[in-house]
Amino acid sequence: MVAARITVNGKETPLAPAAPHTTVLDFLRDRGLTGTKEGCAEGECGACSVLVARPGVNKPTDWVAVNACLVPAAALDGQEVITSEGLATPGAPGTPPELHPVQEEMAVRGGSQCGYCTPGFICSMAAEYYRPSRCAHPEPVDAAGSTDAEHGPNGFDLHALSGNLCRCTGYRPIRDAAFAVGAPADEDPLARRREQSPPAPAATEYTRDGSTFLRRSTLAETLRLLRERPDAVVVAGSTDFGVEVNIRSRRADCVVAVDRLSEMRELRVASDHIEIGAALTLTEIERRLDGSVPLLAELFPQFASRLIRNGATLGGNLGTGSPIGDSPPVLLALEASVVLADADGEREVPLADYFTGYRQSVRRPGELIRAVRVPLPLSQVTAFHKIAKRRFDDISSVAVAFALDIEGGAEGGIVRRARIGLGGVAATPIRSLATEAALEGKPWTAETVEAAAPVLRAEGTPMNDHRASAGYRSAMLGQSLLKLYAQTTEAVPS
Ligand SMILES: Cc1cc2nc3c(=O)[nH]c(=O)nc-3n(C[C@H](O)[C@H](O)[C@H](O)COP(=O)(O)OP(=O)(O)OC[C@H]3O[C@@H](n4cnc5c(N)ncnc54)[C@H](O)[C@@H]3O)c2cc1C
Ligand code: FES
Ligand code: FES
């Protein structure tokens, strides 16, 4: 087996002597690449953003920005990383380097003051700069055909920067820089790199000081390994695990990576369901589905930041079993099931039967979530209401997902089927069964909704915590149904 190494700014860099839990951030800084900064070490500030070459959605390779503070360096064995230092072109001896177009715009438009956040902004901005569909559609993107506040005339999606915080500039000059960048030049080496295959996942076996990071090449080998090592910690995008490592000092004797297993990275549309690989990142799912599952399309922008979504997977979101994860309410409303795999084979479990208690599930030791299946056809009326303190990049206090079939249209038609998923109101994500029953067979009118809202308010067993009180959570449930009615009919019930 080849010694573990990462290609950083074009130079092969051995992983040793880093520990298996060492983050990409510490790995880079320990090697003198101190442009990559640590702000929070928990995925919140983006100061540590770097670019990683990943399988592309529209081209063979995409440059994807990730939080270097969350990803173990060992997970990037055999991969290619670009830091802010690697974006500029070195000048002739004695002359300064030639800035990358993104760096140039940030400099001339005053996008950097103290500079602490700047390398992170630069990397997130560079990932968006190289996004092929931005370059292919540089026109304004809102429905009315004019520029909206969140997209530039150059197609730049400001949400690419939603995981980057700045204390100094007030953001306007940063936005100006983002909206000023053009398309990459033909000879731009990183633009050209997109045309070649992404680096293949390396089979990794990296041991240091008694702990091991393992990556197998196939799902079957991984499942056999998990049978032999039931103590192993599975890691995908590491957006949850990385926080555990950094903030709660979690150390595992054995970590097994599943994020590059091709069997868990497929997206297949069959006649009666869509199967989404559990190791696809949320960004990949969002871009591949391209709005074809409207409820998921509504979820993604509200889930963390682009930086987190570039790593986070559905398998990880369900794997934590968190009652405030954002995908479970949506997947419950879609009546999704999970495909669980172990060395003996597979079984399919409806998501409604998957969670058994606080962070508990029917998943057995050695079992992986291989995929999530969403049945077809989809309901016509769907909505996802995430109630949180901030509009973006925040954890839910309450989340409600609706999927309704209303026969005869949203104005007074009959609710034939109602599926409602709730998060943040019980020890597990739950289906809102009483409210579903209160709606089914009834006309979709203000009277029906006003009668069902108290039923929804009474669902679950919400609690008081630092995010919200139990009373607030219950109130938000009822409001959510009233909001859905208003959204579908544009009439607000009294
Ligand atoms: C700043 C920040 C913001 C966040 N915002 C949100 C948010 O808005 N909404 C939200 O829901 N979450 C949020 N999260 C949490 C996190 O991003 C998600 O839970 C994410 O989906 C985890 O996916 P991952 O691949 O990174 O999981 P990992 O961290 O790799 O793994 C998480 C857990 O799942 C297990 N696991 C991973 N893959 C599998 C699999 N295929 N089968 C079985 N078990 C598996 C792992 O063993 C581990 O216990 C946020 C996290 C951070 C750091
Ligand atoms: S250091 Fe803040 S997101 Fe990584
Ligand atoms: S320039 Fe100082 S934090 Fe952004």
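Basis for what follows: all heavy atoms, side chains included, without hydrogens, waters or symmetry-related copies. All ligand and atom numbering here is 1-based and tracks the order in the structure. Count residues from 1 along the sequence.
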**Q** In terms of atom number and element, which parts of ligand 2 are under 4.0 angstrom from non-hydrogen atoms of Ala41?
**A** 1 (S), 2 (Fe)

**Q** Go through it in stages, so that I can follow the logic: the residues are Arg370 and Leu261, the test is side chain to side chain contact (heavy atoms under 4.5 Å, CB included), and I'd like the CA-CA distance, side-chain angles, deciding distance and then a yes or no.
**A** CA-CA 10 Å; Arg370 184 185 63 74; Leu261 291 171; over 6 Å; no

**Q** So, regarding Thr313 and ligand 1 (criterion: nitrogen or oxygen to nitrogen or oxygen, under 3.5 Å), is there a contact or not?
**A** yes

**Q** For ligand 1, is there an atom lying under 4.0 Å from some heavy atom of Met264?
**A** yes

**Q** Near Gly39, which atoms of ligand 2 are under 4.0 Å from a heavy atom of that residue?
**A** 1 (S)

**Q** With no hydrogens and no angle check, do the side chains of Asn310 and Thr281 hold a donor and an acceptor under 3.5 Å apart?
**A** no

**Q** Should you measure from each heavy atom of Gly43, which atoms of ligand 2 turn up under 4.0 Å away?
**A** 3 (S)

**Q** Can you tell which part of Lys386 has a heavy atom less than 4.0 Å from ligand 1: side chain, backbone, both or neither?
**A** side chain

**Q** Determine whether a donor-acceptor pair (N or O, by modelled atom type, separation under 3.5 Å) exists between the side chain of Glu367 and the backbone of Arg364.
**A** yes

**Q** Which of the numbered atoms in ligand 2 are below 4.0 angstrom from a heavy atom of Cys40?
**A** 1 (S), 2 (Fe), 3 (S)

**Q** When you measure from atom 5 (N) of ligand 1 to every protein heavy atom, which one gives the shortest distance, and what is it?
**A** Ala304 CB, 3.2 Å

**Q** Can you tell me which residue and heavy atom of the protein come closest to atom 35 (C) of ligand 1, and the distance to 0.1 Å?
**A** Gly319 CA, 4.0 Å

**Q** For atom 9 (N) of ligand 1, which of the options Ile308, Asp326, Leu368, Val235 provides the nearest non-hydrogen atom?
**A** Asp326

**Q** What protein heavy atom sits nearest atom 45 (C) of ligand 1, and how far off is it?
**A** Gly315 O, 3.7 Å

**Q** For the residue pair His100 and Tyr130, does the interplanar ring angle fall in the parallel (under 30°), tilted (30 to 60°) or perpendicular (over 60°) class?
**A** perpendicular

**Q** I need the nearest protein heavy-atom contact for atom 30 (O) of ligand 1: residue, atom name and distance, please.
**A** Ala236 N, 2.7 Å

**Q** Tell me which one of Gly237, Gly325, Gly277 gets a heavy atom nearest to atom 24 (P) of ligand 1.
**A** Gly237

**Q** In the protein, what heavy atom is nearest to atom 19 (O) of ligand 1, and what distance, to one decimal place, separates them?
**A** Asp240 OD2, 2.5 Å

**Q** Can you tell me the protein heavy atom closest to atom 51 (C) of ligand 1 and the distance?
**A** Thr239 O, 4.0 Å

**Q** Taking non-hydrogen atoms only, is Arg370 closer than 4.0 angstrom to ligand 1 via side chain, backbone, both or neither?
**A** neither

**Q** What's the shortest distance from atom 1 (C) of ligand 1 to any protein heavy atom, and which residue and atom give it?
**A** Gly43 O, 3.2 Å

**Q** How close does the nearest protein non-hydrogen atom get to atom 48 (C) of ligand 1, and which residue and atom is it?
**A** Val234 O, 3.9 Å

**Q** Is the shortest distance from a heavy atom of Val233 to ligand 1 less than 4.0 Å?
**A** no

**Q** Measure the distance from atom 3 (S) of ligand 2 to every protein heavy atom, then report the residue, atom name and distance (to 0.1 Å) of the closest one.
**A** Gly46 N, 3.1 Å

**Q** Is atom 4 (Fe) of ligand 3 under 2.8 Å from any N, O or S atom of Cys117?
**A** yes

**Q** If I apply the N/O under 3.5 Å rule, does Phe241 come out as touching ligand 1?
**A** yes

**Q** Among Gly120, Gly242, Cys48, Cys45, which one puts a heavy atom closest to atom 2 (Fe) of ligand 2?
**A** Cys45

**Q** Just distances here: any N/O of Glu367 and N/O of ligand 1 closer than 3.5 Å?
**A** no

**Q** Against heavy atoms of Glu44, which atoms of ligand 2 measure under 4.0 Å?
**A** 3 (S)

**Q** What do you get for the angle at atom 2 (Fe) of ligand 3 between SG on Cys168 and SG on Cys114, to the nearest 10 degrees?
**A** 100°

**Q** Pick whichever of Thr320, Val256, Asp394, Ile369 has a heavy atom sitting closest to atom 40 (C) of ligand 1.
**A** Ile369

**Q** Near Glu42, which atoms of ligand 1 are under 4.0 Å from a heavy atom of that residue?
**A** 1 (C), 53 (C)

**Q** Would you mind listing which atoms of ligand 2 come within a distance below 4.0 Å of any non-hydrogen atom of Cys69?
**A** 1 (S), 3 (S), 4 (Fe)

**Q** Going by the atom numbers of ligand 1, which of them fall below 4.0 Å from some non-hydrogen atom of Ser238?
**A** 24 (P), 26 (O), 28 (P), 29 (O), 30 (O)

**Q** Could you tell me, atom by atom, which parts of ligand 2 come under 4.0 Å of a heavy atom of Asn67?
**A** 3 (S)

